[in-house]
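Fair warning: this is a prediction, and the values are worked out from it, not measured in the lab.
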Amino acid sequence: MAQRDPDGVLERGNIYFLYRPKVEQKHPKGERDIERFFMVMSPEGKKLYREIIIGRKALPKVHNGGDRNWGFVKMVVRDPHDLVEEFKEARYETKTRGTREVGAARPAGEGVYAIVRHDDHTHLVYSLELPEKPREVQRELGIEDEASYILSIKNPEKPAPQQAGLRGDQKATYPYKLREGFQDRRFIDADPPDFLDYEGTEIMLIGAAEDPSEELGIELDPEKETLSSADIFKDLKLSRKEHPVKPLLEGKWE
């Protein structure tokens, strides 16, 4: 297990949320117009960035607990410039429709997170810094001002449900020390969080009713941010000109 703080925190860092419109969809207005929903984790002290694709293009609901969704780690990089290609506007040629355009990803939220050991499971908790309050975009994507999820790692040797999960060589390959932790189980806790440092890692998020400060006993200490101080542009090296800022600052679709 990972070395932890006295309060059970295994890892802290910055967390970012982005969405990419569908092909030729210049003005997305909701989930139906979105191609992908991204979560990027930048852990303290590791100097790396994890790009995670969230299934169903929304985070699980947390108000009543029990809602679940899966995701997978698509890229793990040490240089944030390596993610610029992932999120920038793209064009490609097709034989039947000519040039097709995919719009740049839109930042939809940034905050601070922690991965926490709680009883017999691990949680991913976060607190939003931008926008100040969740609005239309955030509500559609399931981004709360503060949320807690039970976080589990899927055993790549176990089958996935039909039409869900990764296949074959898309799955993560772990070193022995991590691999032995599964002990033939289908899911295990994200302890250590190092599982998330491997591309192809599949995760399960289950909405939890616990309040991070009251139930889990931790403080996330979000800071008040503005467009000029937003870490999503400084940390991920995104261009404010290329990536529309209204979803991040005002919670409005763009």
Next on the checklist: Any side-chain to backbone donor/acceptor pair from Asn69 onto Gly55? Under 3.5 Å, distance only.
Outcome noted: yes
Next on the checklist: Other residues, nucleotides and ligands only: do more than 12 of their heavy atoms fall within 6.0 Å of CD on Glu223?
Outcome noted: no
Checklist entry - If only atom types and distance count, is the side chain of Glu202 paired as donor or acceptor with the main-chain N or O of Asn155 below 3.5 Å? => result no
Next on the checklist: Salt bridge or not between Glu157 and Arg179? Use side-chain N to carboxylate O under 4.0 Å.
Outcome noted: no
Next on the checklist: Hydrogens and angles aside, do Asp235 and Tyr49 bring a side-chain donor and acceptor to less than 3.5 Å of each other?
Outcome noted: yes
Checklist entry - What about the rings of Tyr113 and Tyr149, do their centers lie closer together than 6.0 Å? => result no
Next on the checklist: Looking at Glu129 and Glu110, would you say the former's side chain and the latter's main chain have a donor-acceptor pair under 3.5 Å?
Outcome noted: no
Next on the checklist: For Arg32, is there any backbone N or O sitting under 3.5 Å from a side-chain donor or acceptor partner on Lys22?
Outcome noted: yes
Checklist entry - Thinking salt bridges, do Glu31 and Lys57 make one under a 4.0 Å N-O criterion? => result yes
Item to check | Asp189 and Arg117 ion-paired at < 4.0 Å | outcome: yes
Checklist entry - When you look at CD of Glu24, are more than 12 heavy atoms from neighbouring residues, nucleotides or ligands closer to it than 6.0 Å? => result yes
Item to check | Side-chain donor or acceptor of Thr201 paired with backbone N/O of Phe195 under 3.5 Å | outcome: yes
Checklist entry - Between Lys224 and Glu132, is there a side-chain N and carboxylate O pair less than 4.0 Å apart? => result yes
Checklist entry - Taking the side chain from His123 and the backbone from Val116, do they hold a donor-acceptor pair closer than 3.5 Å? => result no
Checklist entry - Step by step, would you call Phe17 with Tyr126 a ring-ring contact (aromatic ring centres under 6.0 Å, His included)? => result CA-CA 12 Å; Phe17 302 102; Tyr126 72 84; 5.3 Å; yes
Next on the checklist: Determine whether Val40 and Ile52 satisfy the following criterion, side-chain contact (heavy atoms from CB on, under 4.5 Å), listing intermediate values before the conclusion.
Outcome noted: CA-CA 6 Å; Val40 178; Ile52 299 174; over 6 Å; no
Next on the checklist: Looking at Arg135 and Pro247, would you say the former's side chain and the latter's main chain have a donor-acceptor pair under 3.5 Å?
Outcome noted: no
Item to check | Steps toward side-chain contact (heavy atoms from CB on, under 4.5 Å) verdict (Thr122, Ile153) | outcome: CA-CA 10 Å; Thr122 47; Ile153 307 295; over 6 Å; no
Checklist entry - Does any non-hydrogen side-chain atom of Phe187 lie less than 4.5 Å from one of Met204? => result yes
Checklist entry - Can a salt bridge be assigned to the pair Lys177 and Asp194 using a cut-off of 4.0 Å between side-chain N and carboxylate O? => result no
Checklist entry - Between Glu35 and Gln25, is any pair of side-chain heavy atoms under 4.5 Å apart? => result no
Next on the checklist: A quick test of your reading: do over 12 heavy atoms of other residues, nucleotides or ligands sit less than 6.0 Å from NZ of Lys234?
Outcome noted: yes
Checklist entry - Any sub-3.5 Å donor-acceptor pair from Glu140's side-chain atoms to Val137's backbone N or O? => result no
Checklist entry - Between Arg20 (side chain) and Lys88 (backbone), is there a donor-acceptor pair under 3.5 Å? => result yes
Checklist entry - Do Glu44 and Glu11 have side-chain heavy atoms sitting under 4.5 Å apart? => result no
Checklist entry - So, Asp67 side chain and Lys61 main chain: donor-acceptor pair closer than 3.5 Å or not? => result yes
